[in-house]
Q: 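Quick one: structure below, then a few questions.
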There are 2 protein chains.
Amino acid sequence: MSQESAEPGDDAFRQAEKGKPARADAQRNLGALLDAALAVFAASGVDAPVREIAAKAGVGVGTLYRHFPQRADLVGAVFRREVDACADAAPALAAEYAPGEALARWMQRYAAFIATKRGLAGALHSGDPSYSCLPDYFQARLVPALRQLLDAAIAAGEIRADVEADELLNAAARLGMQAREDRPGHAERMVALLVDGLRYGAASAIPRP
Amino acid sequence: MSQESAEPGDDAFRQAEKGKPARADAQRNLGALLDAALAVFAASGVDAPVREIAAKAGVGVGTLYRHFPQRADLVGAVFRREVDACADAAPALAAEYAPGEALARWMQRYAAFIATKRGLAGALHSGDPSYSCLPDYFQARLVPALRQLLDAAIAAGEIRADVEADELLNAAARLGMQAREDRPGHAERMVALLVDGLRYGAASAIPRP
DNA sequence: TTAAATACGGAACATTGTTCCGTTTAGCAA
DNA sequence: TTGCTAAACGGAACAATGTTCCGTATTTAA
């Protein structure tokens, strides 16, 4: 969830509510559950058996349900954690690489993130209110992150200036989703192509056809 | 299912294979199952309990599994049956109404069909190969049906000529999907608006902006 | 009418989500 | 260090649902 407020059923909630730090083992297990869920979701989708996640984390199912009373709580927590990691990668890449290169690398990072989300898209649009806030979080975190990279690259004259962050994010998501096991590297190449398109006509915005 | 070829696990398959007509009770139960599944899917989505469908059809679960060994077989059969009904409605409407009116009525029919398919969209794109042929069937049946109506209306000078059947089909699907219980009639009005858009500038295609 | 083939029904089994409670452990005070 | 308490843990038990299997009933054809 957003940084300022956690929701019931999430451990951070209780901690913020009562000002009492969670017990050490509880913190450890929470992290283990998120790690395990990330791996299992990627391998088997968001409908993977709860027991499998608990087993991979080395805890009992009771512990899992203590931390995440509803399945959506776990899915949301994993999702947000990954969105955050992806968003945070933007300034890190910007600090290490030239603007254009940072942008290209971040787009690959983002597409790879999307590729692991097969099955989640369906859940997101399933009408389940538990998931309704996730798309907003997604937008709120990633659009500014990308915009920073874009602006820097534009300022450096490395890319054209006539593309918006949100449309680029959406386009890359479409490309990232079509990752297939029978076409390794396809999505990556397409995203790279997209970024090369930005480079074409750099510093002198080509009028749209 | 499709008229020309059934697939393994579907009863019509065995019938076509061995040239032997199915037993009378088997035919009856097959129809009852399809009717029941249609109703239950519409009410509870394609993940509705198998027992509920069997009960509604007045048969045992064993009978259901005999006819449809996999859940996808049942979903596909119901889907195709409805696609066929929708496609067949086009010539029927064309025979009864003026071209423009027939088109308008069919678009409503189609949007209503889409509205009942919540949840199926997710299954369709889930990557399950059992569903992979359904979108093709959908296109193959409905695009020609709509094209007939469009061509007739264009020939009669009732609508403009610069819209393709597949794009119109897709647009109406988007509108049909957003049917909400809190906004009765919303999707219908939007589809009607879309059709009125076709009427604007009839017989003298307005150049696109 | 009778017998074989076919289909039926639902009990039984398997898998997975969810709850509950006895047991264990971390944190703290004496 | 020791003992206490609240918190957390683990997994058995329960519930819901998908799937299989086989004894029984029905249809069909000779």
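Below, all heavy atoms of this structure are taken into account, side chains as well, without hydrogens, waters or symmetry copies. Chain identifiers are assigned alphabetically (A, B, ...) following the order of the sequence lines, protein sequences preceding nucleic acid strands; residue numbering begins at 1 within each chain.
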Q: Please report the distance, rounded to the nearest Å, between CG in A:Asp47 and C1' in D:dA16.
A: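 Interatomic distance, CG of A:Asp47 to C1' of D:dA16: 16 Å.
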Q: Report the relative orientation of the aromatic rings in A:Phe79 and A:Phe138; use parallel for angles under 30°, tilted for 30 to 60°, perpendicular for over 60°.
A: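 Geometry flag for A:Phe138 against A:Phe79: parallel rings.
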Q: To the side chain of B:Ala24, which of D:dT17, D:dT27, C:dT18 is closest?
A: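 Closest nucleotide to the B:Ala24 side chain: D:dT27.
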Q: Output yes when at least one side-chain N/O atom of B:His67 is less than 4.0 Å from OP1 or OP2 of C:dC8, else no.
A: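 True: B:His67 side-chain N/O within range (under 4.0 Å) of C:dC8 OP1/OP2.
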Q: On the six-membered ring of A:Tyr200, is A:Arg160 placed so that its NZ or CZ lies under 6.0 angstrom from the centre and within 45° of the ring axis?
A: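 No, a cation-pi geometry is absent between A:Arg160 and A:Tyr200.
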Q: If only side-chain N and O atoms of A:Thr63 are considered, is one of them under 4.0 Å from the OP1 or OP2 phosphate oxygen of D:dA8?
A: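 Answer is no, no contact under 4.0 Å.
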Q: Can you check the A:Gln27 CD to C:dA26 C1' distance for me, whole Å?
A: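 Roughly 12 Å, once rounded to whole Å.
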Q: What is the distance, rounded to the nearest whole Å, between atom CZ of B:Arg28 and atom P of D:dT26?
A: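 The distance from CZ of B:Arg28 to P of D:dT26 comes to 11 Å, rounded to the nearest Å.
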Q: Can we say B:Lys56 and B:Glu52 salt-bridge, meaning some charged N sits less than 4.0 Å from an Asp/Glu carboxylate O?
A: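 B:Glu52 and B:Lys56: not salt-bridged.
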Q: Nearest whole Å is fine: how far is C:dT18 P from A:Leu74 CG?
A: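 A:Leu74 atom CG is separated from C:dT18 atom P by 11 Å.
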Q: Indicate the ring-plane relationship of A:Tyr110 and A:Trp106, choosing parallel, tilted or perpendicular according to the 30° and 60° boundaries.
A: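 It falls in the parallel class, under 30°.
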Q: Rounded to whole angstrom units, what separation is found between the OH atom of B:Tyr65 and the P atom of C:dC13?
A: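 Whole-Å distance recorded here is 17 Å.
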Q: Given D:dT17, D:dC9, C:dA26, which nucleotide is nearest the side-chain atoms of A:Ala26?
A: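 Closest nucleotide among those given: D:dC9.
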Q: In this structure, which one of A:Val40, A:Val59, A:Val61, A:Leu34 forms a side chain to side chain contact (heavy atoms under 4.5 Å, CB included) with A:Ile53?
A: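 Considering A:Val40, A:Val59, A:Val61, A:Leu34, a side chain to side chain contact (heavy atoms under 4.5 Å, CB included) with A:Ile53 is found only for A:Val40.
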Q: Is there a side-chain polar atom (N or O) of B:Asn29 under 4.0 Å from OP1 or OP2 of C:dC8?
A: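 Checking C:dC8 against B:Asn29, a side-chain N or O does come within under 4.0 Å of OP1 or OP2.
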Q: Side chain of A:Val61: nearest nucleotide among C:dT25, D:dG11, D:dC9?
A: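 Looking only at side-chain atoms, A:Val61 lies closest to D:dG11.
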Q: More 5' along DNA chain D: B:Gly62 or A:Gly58, using each one's nearest nucleotide?
A: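 Whichever sits nearer the 5' end wins; that is A:Gly58.
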Q: Starting at atom CD of A:Glu52, determine the distance to atom C1' of D:dG11, rounded to an integer number of angstrom.
A: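 Between C1' of D:dG11 and CD of A:Glu52: 18 Å.
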Q: How close or far is atom P of D:dG18 from atom CG of B:Asp73, stated in whole angstroms?
A: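 Distance check: B:Asp73 CG to D:dG18 P gives 15 Å.
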Q: Could you work out which one of D:dC9, D:dT17, C:dT6 sits closest to the side chain of B:Arg51?
A: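 Between D:dC9, D:dT17, C:dT6, the one nearest the side chain of B:Arg51 would be D:dT17.
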Q: With a non-hydrogen cut-off below 4.0 angstrom, is B:Arg71 in contact with a base, only sugar-phosphate, or nothing?
A: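 If one applies the 4.0 Å heavy-atom cut-off, B:Arg71 turns out to touch the sugar-phosphate alone, with no base involved.
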Q: Once you apply a heavy-atom cut-off of 4.0 Å, does A:Ala55 come out as touching a base, just sugar-phosphate, or nothing?
A: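 Nothing: the residue A:Ala55, judged by heavy atoms under 4.0 Å, touches no strand.
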Q: Atom CG of B:Leu64 to atom P of C:dG9: distance rounded to whole Å?
A: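 Distance check: B:Leu64 CG to C:dG9 P gives 11 Å.
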Q: Can you find a donor-acceptor pair, distance only, under 3.5 Å between B:Arg23 side chain and C:dT6 base?
A: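 Looking at the base of C:dT6, it does pair with a donor or acceptor on the side chain of B:Arg23 (distance under 3.5 Å).
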Q: Given C:dT16, D:dG18, D:dG11, identify the nucleotide with an atom nearest to the side chain of B:Val50.
A: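 So the side chain of B:Val50 is nearest to D:dG18.
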Q: So does B:Arg66 reach the base of D:dT20 with its side chain, donor to acceptor, closer than 3.5 Å?
A: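 No.
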